[in-house]
Amino acid sequence: MSDTVDLVINGGTIVSPDSRYSASIAIKDGLIHAIGAPEAMPPARQTLDASGLYILPGAIDVHVHFRDPGYPQKEDFASGTAAAAFGGVTTVFDMPNTLPTIDTPEALADKHTIASSKAYVDYGLYAVLGEDSIEHVPGLIEGGIIGFKLYMGNTFGRIPSPTTGAMLEAFEVVAPTGKRISLHAETNSIMERRESRLRASGRTEAIAHLDARPAVVAVEAVARAAILAEWTGARIHVLHISSAAELRPLAEAKARGVDITGETCPHYLLLSEHDYETFGGVIRVNPPVREATNRQPLWDALMDGTVDVIATDHAPHAPEEKTRPDIWTVDCGFPGVETQMPLMLTEVNRGRATLEDYVRWSAENPAKIWGLYPRKGTLTVGSDADIAIVDINREWTIDDAKIQSRSKISPWQGRKATALPIHTLVRGRFVMKDRVLQEDARGSGRSVHAIQQMPPATPRNTDTTMAAITSRSER
Ligand code: NCD
Ligand code: ZN
């Protein structure tokens with residue numbers, strides 16, 4: 001029968017950014033074919049009973065580090081995307097601080113080969129925008145990227161941070177392409193100077209990491225990046241916003257019409273300086289987990305739209321790399337792609353936000369910001385059937401030993417959650433079903449760059465760009 005669909009999901013409650021309602025979903029050829037009453041659904045090859053469960057657009061985690069190629073002891077594209085599948089995450093944007101760094105078309109092509117052969121979920125690949133890769137911008141875009149990543153501060157991978165002069169030129173070059181530049185916004189010279197002074201003074205305990213990186217490290221970077229984005233018309237995204245103080249330059253830039261978006265992560269919303277003693281080096285991450293007074297302003301900023309997105313900065317390292325006694329030798333970051341949805345929905349259950357808010361931050365906004373909406377980020381007829389089916393009345397305790405990531409160490413160890421993804425589908429295909437990885441889905445994830453449609457670019461001050469002034473003979 002030609003109108004037979006592949007799958008009908010019955011009995012669940014569908015959540016969109018503005019409402020929730022009970023309905024069945026029919027899926028055909030990877031797309032949502034129909035949404036409506038059960039009796040209105042076409043005949044299906046397969047059905048799923050989702051009674052009592054919530055049906056969310058799969059999360060789009062715009063900030064993960066899957067370490068492939070280069071650091072298989074930490075993670076690879078299979079283990080990282082399996083972790084995503086268990087976390088209700090159907091698309092990830094993977095960072096370029098692998099080995100080699102993704103800053104040439106050749107390295108990008110190799111990474112596409114790796115990712116497409118191993119991925120359980122869909123993905124976008126970032127490329128580094130640095131002093132040496134400005135010349136590769138057209139080739140990198142041609143090779144298929146979701147956007148650029150610019151490191152204003154050093155972090156894992158030791159990718160050199162460009163000078164402000166190089167950053168301006170890089171923004172000038174990217175602005176007319178319409179691609180978004182995601183920023184690790186920490187000013188290198190401030191934190192390196194403080195870290196070397198702290199090391200010289202003999203401080204080695206975990207919280208010395210926070211002393212090296214007070215919020216001004218991030219505030220100065222966000223403000224400077226916003227000025228360069230405003231001048232050039234480049235689109236920017238501020239990754240991992242960790243402090244209340246960053247919200248002011250972010251909100252002010254938005255008010256001036258700068259195309260700037262922001263993200264925060266569960267660890268900045270839920271952890272604080274009080275957790276350093278318990279977790280030691282395990283909690284070391286860039287930017288650092290900060291004073292508890294930063295948390296409520298970050299929640300408020302999500303609620304009022306100053307911060308747009310929840311991402312995880314999933315940064316897996318091996319246990320041995322996280323437990324060294326001297327904090328300055330501990331690798332920064334910890335896994336998160338698998339625990340973000342349970343942790344955030346646990347806060348929803350506590351009344352801190354609604355399910356609709358969560359769907360806006362985790363799916364709709366990321367899709368809109370990177371030009372994937374409405375193919376991704378929403379459950380509507382014609383969209384990709386990227387779906388997280390979640391039990392929001394499930395009490396469980398996070399146990400790092402049981403997570404899919406190779407990095408079985410995090411500051412979430414022992415934390416209680418009250419929500420759990422039960423099934424995850426990517427373009428209509430189960431990648432995790434009844435908490436079991438669907439091994440045959442390995443290699444079915446696809447790069448989303450091909451469906452990206454950014455709005456037209458609006459470069460500014462084009463008569464002052466490096467290209468403009470150097471092509472002139474006089475004026
Ligand atoms: C990240 C990593 O390990 O790659 N570490 C971190 O502490 N966040 C790099 C980064 O996102 O800064
Ligand atoms: Zn970063």
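Numbering of ligands and ligand atoms starts at 1, following listing order.
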Under 3.5 Å side-chain donor-acceptor pair for [X] and [Y]:
X: His314; Y: Glu75; value: yes
X: Ser242; Y: Arg213; value: no
X: Asp103; Y: His136; value: no
X: Thr312; Y: Asp61; value: yes

Show me the pairs that pass salt bridge (charged side-chain N to carboxylate O under 4.0 Å, His left out) and involve residues 153-179, at least two apart or across chains.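 Counting only pairs at least two positions apart or across chains, the salt bridge (charged side-chain N to carboxylate O under 4.0 Å, His left out) contacts touching residues 153-179 are Arg158-Glu192.
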
Sequence neighbours left out, what pairs pass ring pair (Phe, Tyr, Trp, His ring centres under 6.0 Å) with at least one residue falling in residues 159-218?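 Listed by first then second residue: His184-His240.
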
Non-hydrogen atoms closer than 4.0 Å to ligand 1: which protein residues do they belong to? List them by chain and number, please.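 Contacting ligand 1 under 4.0 Å are His63, His65, Arg67, Asn97, Thr155, Phe156, His184, His240, Val285, Asn286, Asp313, Ala315, His317, Cys332, Gly333.
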
Donor-acceptor under 3.5 Å (Asn461 side chain, Thr464 main chain):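 Between the backbone of Thr464 and the side chain of Asn461 there is no qualifying donor-acceptor contact (under 3.5 Å).
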
Return yes if some donor-acceptor pair links the side-chain N/O of Arg394 with the main-chain N/O of Thr418 below 3.5 Å, else return no.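 Not a single qualifying donor-acceptor pair exists.
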
Quick check, are the ring centers of Tyr123 and Phe66 under 6.0 angstrom apart?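 Not close enough - the centres of the two rings lie 6.0 Å or further apart.
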
Mind counting the protein N, O or S atoms sitting less than 2.8 Å from the Zn ion (ligand 2)?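 Step by step: take the Zn ion (ligand 2), keep protein N, O, S below 2.8 Å, and you get 2.
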
